[in-house]
Each structure stands twice: as structure tokens, then as C-alpha cells.
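The structure appears right after this line, and notes come after that.
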Amino acid sequence: MSEEIIKIPTHVAIIMDGNGRWAKARGLTRLEGHKAGTENLRGIIRACVDFGIKYLTVYAFSTENWTRPSDEVNGLMLLLESVVENELAELHREGVQIRHIGRLEALPKGLGEKVKNAIEITKNNQRLILYIAWNYGGRDEIVYAVQKIIEAGIPANEVTEETITNHLFTQKCPDPDLIIRTSGECRTSNFLIWQGIYSEWVFTPVLWPDFNKKELRKALIEYGSRERRFGKV
Ligand code: FPP
């Protein structure tokens with residue numbers, strides 16, 4: 001396999017897995033693992049800008065993650081809050097546009113508003129579009145799209161694949177070219193199930209807090225070695 005990056009994907013999506021195991025191996029709490037994961041995300045956002053990636057989607061909190069112990073759930077919510085408060089100025093300066101996919105209404109009081117504020121402030125930035133998947137599930141996203149289509153009064157015989165695409169949280173965002181999952185788990189876990197049908201998947205054993213620019217580079221090289229046929233011969 002070539003050691004050079006021969007193709008840059010437009011849209012990279014990442015399942016940031018392994019914070020808990022990273023923490024356990026160091027005798028730390030799971031929340032400390034998530035903090036390390038958040039720190040790592042900062043470096044990966046910068047690396048994506050350097051590589052010329054246009055869209056980055058990160059799976060940070062799934063619709064299933066509510067079943068985790070309440071101190072972990074609360075700690076994760078505080079981490080999101082600290083990102084949209086303390087990292088906002090820096091992300092804005094770097095030209096990052098923040099978007100959100102998932103349902104904001106179930107978030108603790110005030111947090112949804114802070115996320116909306118970050119989206120509003122950064123809405124004209126074009127260097128990197130960062131989608132934060134928070135309270136996100138692929139099946140829930142399809143339910144959401146169906147609800148919106150019915151609310152809009154679109155007749156059943158006019159519903160096409162494009163209609164559904166346009167009513168998902170991601171709307172007109174290009175489908176992910178490359179989806180990376182860290183930590184050695186080889187599952188899709190309800191992530192971008194509509195958009196990811198022809199994505200290339202790269203599974204790496206590296207735990208998320210250790211997934212640095214060099215590891216991202218390796219994933220991009222692997223992506224470049226794949227022949228994408230989109231169902232054609
Ligand atoms: C999966 O690892 C990780 C999560 C459920 C949380 C991901 C969150 C972050 C990286 C930080 C927050 C990000 C933002 C945008 C504020 P795990 O806990 O399932 O790890 P394990 O499988 O080793 O237990």
C-alpha cells in the first residue's frame with residue numbers, strides 16, 4: 001500500500017470509541033477518559049483543517065448513551081457545555097462552522113440554547129463544517145425525517161429518497177466518504193445509517209484519546225487504497 005495520501009475525502013465521520021478503556025488502563029475514571037477524548041478532538045479538528053477535509057462528523061453521544069450511569073451522562077453534558085462555551089472563540093477563529101445532529105430538546109435546561117448559540121455564531125465559517133452528533137441515533141433520525149415529511153403535508157406518492165435525505169438532520173450535507181471507528185470495535189452502532197450506505201469504513205484498534213494526526217493520516221492512506229464502485233462494476 002502507498003505511504004502517501006492520494007485522495008482526500010470530502011466528509012470524514014468518526015465514532016470516537018475507547019475513552020473508558022483508555023481511562024481504565026491508567027487507573028482513571030471514565031469521565032477523565034472522556035476529558036482526554038475531548039482534548040484529542042481539538043487536535044483532530046486541526047488535523048482535518050490541515051488535510052483539507054471539508055466536513056467532519058463526530059459521534060459523541062448516542063440515543064442509547066442515556067442508559068449509562070447518571071454521573072457519566074451528566075459529566076458528558078458538562079463536557080459538551082465546556083466545548084460550546086470555552087472552545088467556541090478558538091473554533092470560530094479557526095473558521096470552523098459548528099452544526100448539530102440529533103435531538104436538542106432532551107438536553108439539560110440551557111444546554112440546547114448554548115449549542116444553538118454556537119451554531120448561530122459560526123454559521124458563515126467555511127474552513128471546516130463540524131457536525132456534533134449529540135443525542136443522535138440513525139433510526140431516530142429516520143423517524144424524525146418521517147415526522148417532518150408528514151408535518152409538511154407531502155403526499156405519500158411524492159416521497160422519494162431525496163425527500164427523506166432533505167428531511168434528515170444532515171439535510172444537504174454530502175454523505176460521508178470515510179467513517180472511522182476507533183478502539184477495535186467493528187460495529188456501525190446506529191451511526192449515519194441512511195447516509196453511510198457507500199461510505200468506506202476504517203476500523204482501528206487505537207483508543208480514541210490516542211488517535212492522533214498520524215493515525216488519521218494512516219486512515220486516509222487506507223481510504224486512498226480503496227476502489228469505490230457505488231454498486232457499479
Ligand atoms: C465512547 O467511548 C465515547 C463516548 C460515548 C463519548 C465520546 C465523547 C467525547 C470524545 C468527548 C465529548 C465530545 C464533545 C464534542 C463534547 P466509551 O466510553 O464507550 O469507551 P469504552 O468502550 O472504552 O468504555
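Only a predicted model underlies this, so the values are computations on that prediction, with no experimental measurement involved. All ligand and atom numbering here is 1-based and tracks the order in the structure.
Salt bridge annotation for Lys35-Glu32: absent, with no cationic side-chain nitrogen under 4.0 angstrom from a carboxylate oxygen. A salt bridge does not link Asp177 to Lys7: none of the charged nitrogens lies less than 4.0 Å from a carboxylate oxygen. The pair Arg21-Glu185 meets the salt-bridge criterion, with a side-chain N (NZ, NE, NH1 or NH2) lying under 4.0 Å from an Asp/Glu carboxylate O. Taking the charged nitrogens against the carboxylate oxygens, Arg46 and Glu90 do have a contact shorter than 4.0 Å, which makes a salt bridge.
Contact check for Ser199 versus Asp175: no side-chain heavy atoms found under the 4.5 Å cut-off.
Below 30°, between 30° and 60°, or above 60°: for Tyr136 and Tyr59 the angle between ring planes is above 60°, a perpendicular geometry. Below 30°, between 30° and 60°, or above 60°: for Phe61 and Trp66 the angle between ring planes is above 60°, a perpendicular geometry.
What sits closest to atom 3 (C) of ligand 1 on the protein, heavy atoms only, is Met16 O, 3.2 Å. Protein heavy atom nearest atom 4 (C) of ligand 1, with residue, atom name and distance: His34 CE1, 3.8 Å. What sits closest to atom 14 (C) of ligand 1 on the protein, heavy atoms only, is Trp134 CZ3, 3.9 Å. The nearest protein atom to atom 20 (O) of ligand 1, hydrogens excluded, is given as Gly20 N, 3.0 Å; this is a heavy-atom distance. Ranking protein heavy atoms by distance to atom 22 (O) of ligand 1, first place goes to Arg21 NH2, 2.9 Å. From the protein, the heavy atom lying nearest to atom 19 (O) of ligand 1 is Arg68 NH2, 2.8 Å.
Counting atoms of ligand 1 from 1 in the listed order, those under 4.0 Å from a heavy atom of Asn65 are 5 (C). Residue contact check: Val83 has heavy atoms under 4.0 Å from atoms 16 (C) of ligand 1. Less than 4.0 angstrom separates some heavy atom of Arg30 from each of these atoms of ligand 1: 17 (P), 18 (O), 24 (O). Taking every heavy atom of Leu41 and a limit of under 4.0 angstrom, the matching atoms of ligand 1 come to 15 (C). Near Thr38, meaning under 4.0 Å from any of its heavy atoms, are these atoms of ligand 1: 11 (C), 12 (C). Heavy-atom proximity to Leu80, at under 4.0 Å, picks out these atoms of ligand 1: 16 (C).
By the 3.5 Å distance cut-off applied to N or O atoms, Gly37 is not counted among the residues near ligand 1. Ligand 1 has no N or O atom lying under 3.5 Å from any N or O atom of Trp208, backbone or side chain.
Nearest heavy atom pair, residue Ala118 against residue Ile98, reads CB-CD1, 4.1 Å.
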Under 3.5 Å, side-chain donor or acceptor atoms of residues 74-82 against the rest of the protein: list the pairs with distances, not counting sequence neighbours.
residue : atom : partner : partner atom : Å
Asn74   : ND2  : Ser70   : O            : 3.2
Glu81   : OE2  : Lys114  : NZ           : 2.5
Ser82   : OG   : Leu79   : O            : 3.0

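Put simply, part of Asn19 is less than 4.0 Å from ligand 1, judged by heavy atoms. Lys35 does not count as a contact of ligand 1, since none of its heavy atoms falls under 4.0 Å from the ligand. The shell of residues lying under 4.0 angstrom from ligand 1, judged by heavy atoms, excludes Ser183.
Just one of Arg93, Gln97, Glu94, His92 meets the side chain to side chain donor-acceptor pair (under 3.5 Å) condition when paired with Asn125; it is His92.
For atom 13 (C) of ligand 1, the candidate residues are Gly184, Ala60, Ala23; the nearest heavy-atom contact is made by Ala60.
Evaluation of the salt bridge (charged side-chain N to carboxylate O under 4.0 Å, His left out) rule for Glu120 yields Lys123 as partners, not counting sequence neighbours.
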